[in-house]
Amino acid sequence: MINVLVLLFSFLVSFLTGFFLVRAFFPFSPGSHPHTRVTGYILGIGGGIGVSSLLYFLSLITMHPGPVVFLLFELIVLAVIFGYSRWKKSGATPATFPAPPGLEKDGGLSPVLVVLLVCSLAVSAGGFIYVNIRAPLGSWDAWAIWNLHAQFIVPGNTQWASLFTDSYLFWTHPDYPLLIPAFVARGWGYMGMKSPLVPIAAAFFFTFGSVGLMYSGVSLFKGKRNGVLAVVFLIATSLFIVTGANQNADAPLAFYILSVVVLLALHEHVSPSHTGFLVLAGVFSGFAGWTKNEGLLYIAAFIFARIVFLVFRRRRLWKECGRELLAIGKGLLPVLAVVIYFKKAIAPAGEFFQLNAQTMEKLFDIDRYLIILREFFKEWFLGTNGLPVILILFVFLAGRATVKYYKKTLITGGLILLFANCGLMLIYVITPYPLEWHLLTSLNRLVFQMVPALIFIVSLAANPPGVQPNKIEA
Amino acid sequence: MNKKYLLLIIFTFIFAIFGAIRFIKHITAYTVDVSPYVKRFDQIKTRLQGVEHIGYAQPNRDLRTFFLTQYALAPVVVRNNPKEKTVIGNFRRSRLFHRKKYFRTNYNILWDGGNGVMLLERKDPERKQHD
């Protein structure tokens, strides 16, 4: 029992760190609209997990302290972030979310939508609990990669570096980033035991945190009806809850990608001079890179998409581009610096990006491209239970009068997903593994990572069916 | 409620029901609990205190059982190499060790957990010295 209380306390420390970090750049208060506050809290928890994970890794490579010393370290960092957020907040004006022209009032939820939402949540929560009672150690990737890495970097193991240096362990991909392993190892350190509760708790947050962020994020802009529909689409998409429950790192990555898109939307539709959301988007994109190797691709896709979008705008082009990239960099660079250090100084080289004659041959093999395109198409349309079709129907039936108003977010978000898909396809082109095997064993999870962001973007494009969203004050 | 909204709700319901069916089918068919397998190694783990790495030997090429053994014994590094000085023997049953000539000939049993998990020492006088 004491172990569980200590674990809960460690989660509280992590949450408060993330909460104050988010609040420094996203000024909401107890008086803000509930959707604003929920968005802030969820981003705070996700941010806290990222910060705690980074702190644990930094302590591992420097002092390798015991839990008590590490707790002191975390509390000092919490105090610093708290002080920073108070200093930033003084003088900051609350963010305002103006409603799109012509749409004013948020309608209530019809009984049908309430039933749909409750049933979806019940089935997903029940399924999550079932999976984790039946298989508390998670799926293959959980025990062969993420939780295995956590076992090596747990406090007290002075030979932690063998994970990255012993060639007999290269099958477990020690080049993979450490957000989940470090957070799990941190929890185990506080508990004094390797309990499955820690990875299960992390999996629960990233799965249902994505659901909550989807609801609050969409509802902020389009009202509760679109929020509920977006949540139902997300839960009903094949394997979303399963992948989360299996303790893979795909759910955390999906959460951070969704967070970036939500923060982009917040930036576009609050005062343009308020760059706090862009700083946070940079931070959360950094966390994506700290979660999985694909996260680095999403960082590149995010920055490239933003540059491409800004280049095609007309007014004050270079000044605005520079200001935005500076803001994104302010949030991204501290996290990215740790990721780069990990990749360069700790982790062994990955199996990809080895330029040789074979790679060049693959790059010019048209058949590979055709196979990959076919499989991507199949996975996006069939693997997701036909999600693109239902999203198209959603926009068609609900109407799209507000597309023009949300154009900026739609374009940037769409470009991020487009560039990410292109990047992933290229990775499959040059993969050193047998192509069909690699597609079969990984493509569904890669598509899954992008699903929440896609649903959010499309939900912005669709009118709230018969609804007029409130003018929301933060 | 207008017609388009009604149609949207109907399509959403169909999508949700289809998703729920597929979800339930998946979790009931593919959720596999590996914790009983991992628990087999609880006793031998206490005998590996202070050991940094150890070899591994099993009578087949099943990589999954090797990966699970590594998970069970981490942070001890389990090297998938039967020629190490000391190895973890992983059998379905302990008596399989005695039935397999290769193992009888090449290893002494240091410890037998009774459940197929053993600590073995290689007999080979030119056995590999690990650093």
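All values derive from a computational prediction rather than experimental measurement. Chain naming here is simple, since letters A, B, ... match the order of the sequence lines and numbering starts at 1 in each.
Neither the backbone nor the side chain of A/Trp160 comes within less than 4.5 Å of any heavy atom in chain B. The parts of A/Leu387 that come within reach of chain B are both its backbone and its side chain, each placing non-hydrogen atoms under 4.5 angstrom from that chain. Only the side chain of A/Leu113 comes within less than 4.5 Å of a heavy atom of chain B; its backbone N, CA, C and O stay farther away. Of the two parts of A/Asn147, the backbone and the side chain both hold a non-hydrogen atom closer than 4.5 Å to a non-hydrogen atom of chain B. Contact of A/Leu148 with chain B is made through backbone and side chain together, with heavy-atom distances under 4.5 Å. For a residue to count as touching a neighbouring chain, one of its non-hydrogen atoms must lie under 4.5 Å from one of that chain's; by this rule B/Tyr56 does not touch chain A. Neither the backbone nor the side chain of B/Leu63 has a heavy atom closer than 4.5 Å to any heavy atom of chain A. The contact between A/Phe394 and chain B is made by backbone and side chain atoms together, counting heavy-atom distances below 4.5 Å. Only the backbone of B/Val76 comes within contact range of chain A, with heavy atoms under 4.5 Å apart. Of the atoms belonging to A/Ser124, it is backbone heavy atoms, and not side-chain ones, that fall under 4.5 Å from chain B.
Counted within 6.0 Å of NZ on B/Lys100, heavy atoms from surrounding residues, nucleotides or ligands total 12 or fewer; the atom is thus considered open. Atom CZ of A/Arg134 is surrounded by more than 12 heavy atoms from other residues, nucleotides or ligands within 6.0 Å. Shown here is B/Lys45, whose NZ atom has more than 12 heavy atoms of other residues, nucleotides or ligands within 6.0 Å.
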Donor-acceptor pairs under 3.5 Å, side chain of residues 112-120 of chain B to any protein atom, not counting sequence neighbours: which ones?
residue	atom	partner	partner atom	Å
B/Asp112	OD1	B/Ser94	OG	2.9
B/Asp112	OD1	B/Gly114	N	2.7
B/Asn115	OD1	B/Val117	N	3.1
B/Asn115	ND2	B/Arg40	O	3.1

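Side-chain contact of A/Ser162 with B/Glu52: a donor-acceptor pair under 3.5 Å is absent, judged by distance alone. Side-chain contact check for A/Gln151 and A/Asn157: no donor-acceptor pair (N or O, by modelled atom type) lies under 3.5 Å.
Residues forming a side chain to side chain donor-acceptor pair (under 3.5 Å) with A/Asn248 (at least two apart in sequence, or on another chain): A/Ser139.
Contact count against chain B (heavy-atom pairs under 4.5 Å) is highest for A/Trp171 among A/Trp171, A/Phe233, A/Phe396. With chain B as the partner, the residue from A/Val115, A/Asp166, A/Val131, A/Thr172 showing the most heavy-atom pairs under 4.5 Å is A/Asp166.
Considering CG of A/Leu117 and NZ of A/Lys224, their distance stands at 12.0 Å, rounded to 0.5 Å.
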